[in-house]
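Notes follow once the structure below has been shown.
All values derive from a computational prediction rather than experimental measurement.
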Amino acid sequence: MVKSYFKRIYDLIMRPEMKILPGQLAYFLILSIFPLLTLLGYIVSKITLLSEPFISIAHRIFPGSLSKTLAPFLTGNNITGNIAFVMIVGFVLVSNGTHSLIITSDELYGIDYGDYIKRRVKAFLMIIILLFLFVFVLIVLAYGNIIINHIISLGFLYEIRNKIYVIFVLIKWPTAFILFFWILKLLYTMAPDEQISSKFMNKGAFFTTVGWIIATFCYSYYVSNFANYSVFYGSLSGIIVMMIWIYLLSFTYVMGIAINAEEYLAYKNAHKNQKKENNS
């Protein structure tokens, strides 16, 4: 029973689209960093108290050469027409990643493609949700310890810095688990072009949630304790580790689709067999 279950999962994972999709999704997530930082930098620039800390934290958490590259995106307090156009095009391009998720979900669930326009609109809505989750992962989990340390180093919080740090560490992972599970379950439910009950999305959402937390914990531990951008490959090492981490997030997400599809197809086949027995 267990062996046949993992065999079915393996067969789904070995499909051609499943081999391509993680890398494609990782690419579009990395591509989204620039328009996201531009938008975030613009919002923060309008709040005087947050502008300086935001730029300072960004320079601390990104490698030297990368932070210089990102500097115009972080400090620009005016979004011109050209920048706005580039941001819109960027987000549309990023939605190609979720559009691929929709197509792959249809293939794995064995359902027909829906209307192209509706599919593109759904892909854009999904990328907004996924990017929100990605921002949460970046700011709270991956670089949360560095950011909170910078915030509590401010004079008016210095006396209670230890309590704030302990509270943050205690609540961030349980909060992340709950948030991940329900949002991932929502994304998995939205993806297919046919209405499929969300009860079939629990296993995949749980697997992806655990995978994201483990991968992000390891990455967060690395950037907090071992990141040294002046040795080995210099600042390039930090970029490489970040890309590996994003790829692991993407790979785990795609694995969740396969787990959900297996759950649904097993139920569908059992229901079909039961119907045949009743008719006979």
Side-chain angles (χ1 to χ4, degrees), residues 5-6 8-13 15 17-26 28-29 32 91-92 94-137 140-141 173-216 246 248-272:
Y5 172 79
F6 284 107
R8 293 193 300 271
I9 294 289
Y10 177 79
D11 290 339
L12 288 173
I13 294 171
R15 293 180 62 156
E17 58 269 25
M18 294 293 285
K19 296 178 182 179
I20 299 170
L21 193 56
Q24 186 184 45
L25 181 59
F28 285 116
L29 283 175
S32 72
F91 283 123
V92 171
V94 170
S95 71
N96 286 332
T98 45
H99 185 252
S100 298
L101 293 176
I102 294 171
I103 294 174
T104 302
S105 296
D106 289 345
E107 289 287 343
L108 294 182
Y109 286 107
I111 59 181
D112 296 330
Y113 295 156
D115 180 74
Y116 178 78
I117 301 299
K118 291 181 180 178
R119 202 163 66 238
R120 293 301 310 194
V121 171
K122 182 168 63 172
F124 194 75
L125 292 175
M126 286 177 64
I127 198 60
I128 292 174
I129 298 171
L130 191 58
L131 288 178
F132 163 76
L133 206 56
F134 185 50
V135 169
F136 175 83
V137 172
V140 178
L141 300 185
W173 294 110
T175 303
F177 186 91
I178 296 170
L179 185 68
F180 282 2
F181 180 81
W182 288 108
I183 292 184
L184 288 169
K185 184 176 178 178
L186 172 64
L187 288 169
Y188 284 138
T189 305
M190 288 177 65
D193 281 326
E194 184 179 293
Q195 189 172 0
I196 297 175
S197 175
S198 62
K199 69 181 181 181
F200 297 110
M201 311 301 166
N202 290 326
K203 287 185 179 180
F206 180 80
F207 173 84
T208 305
T209 297
V210 173
W212 277 26
I213 286 178
I214 293 172
T216 305
I246 293 175
L248 289 175
L249 296 184
S250 302
F251 181 81
T252 309
Y253 183 91
V254 173
M255 283 284 293
I257 298 177
I259 292 171
N260 291 334
E262 195 286 327
E263 182 81 2
Y264 173 73
L265 292 174
Y267 169 81
K268 193 174 180 181
N269 290 333
H271 183 71
K272 187 186 295 183

(request) Verify whether one side chain among Y188 and S198 offers a donor that lies under 3.5 Å from an acceptor in the other. (result) no
(request) With the side chain counted from C-beta on, respond yes when I102 and M126 share a heavy-atom pair under 4.5 Å apart, and no when they do not. (result) yes
(request) Start with the C-alpha distance between W212 and L184, add both sets of side-chain angles, then the distance that settles side-chain contact (heavy atoms from CB on, under 4.5 Å), and finish with yes or no. (result) CA-CA 11 Å; W212 277 26; L184 288 169; 4.1 Å; yes
(request) Without swapping roles, check the side chain of D106 against the backbone of P192 for a donor-acceptor pair under 3.5 Å. (result) no
(message) I'd like to check the side-chain contact (heavy atoms from CB on, under 4.5 Å) partners of I129; sequence neighbours left out, ordered by chain and number.
(response) I183, L186, L187, M190
(message) Once side-chain contact (heavy atoms from CB on, under 4.5 Å) is applied, do any residues pair with F136, and if so which ones, sequence neighbours excluded?
(response) V140, L141, A176, L179, F180
(request) Side-chain contact test, heavy atoms from C-beta onward, threshold under 4.5 Å: evaluate it for T252 versus I214 and give yes or no. (result) no
(message) Is the distance between the ring centroids of F200 and Y267 under 6.0 Å?
(response) yes
(message) Can you see whether E107 engages Y113 through a side-chain donor-acceptor pair at a distance of less than 3.5 angstrom?
(response) yes
(message) For residues 186-209, which residue pairs pass the salt bridge (charged side-chain N to carboxylate O under 4.0 Å, His left out) check, not counting sequence neighbours?
(response) K122-D193, K203-E263
(request) May I ask you to test the V210-F206 pair for a side-chain heavy-atom distance under 4.5 Å? (result) yes
(request) Search all heavy atoms of A123 against all heavy atoms of T98 and return the closest pair with its distance. (result) O-OG1, 2.7 Å
(request) Could you check if a side-chain atom of I196 sits within less than 4.5 angstrom of a side-chain atom of Y109, using non-hydrogen atoms only? (result) yes
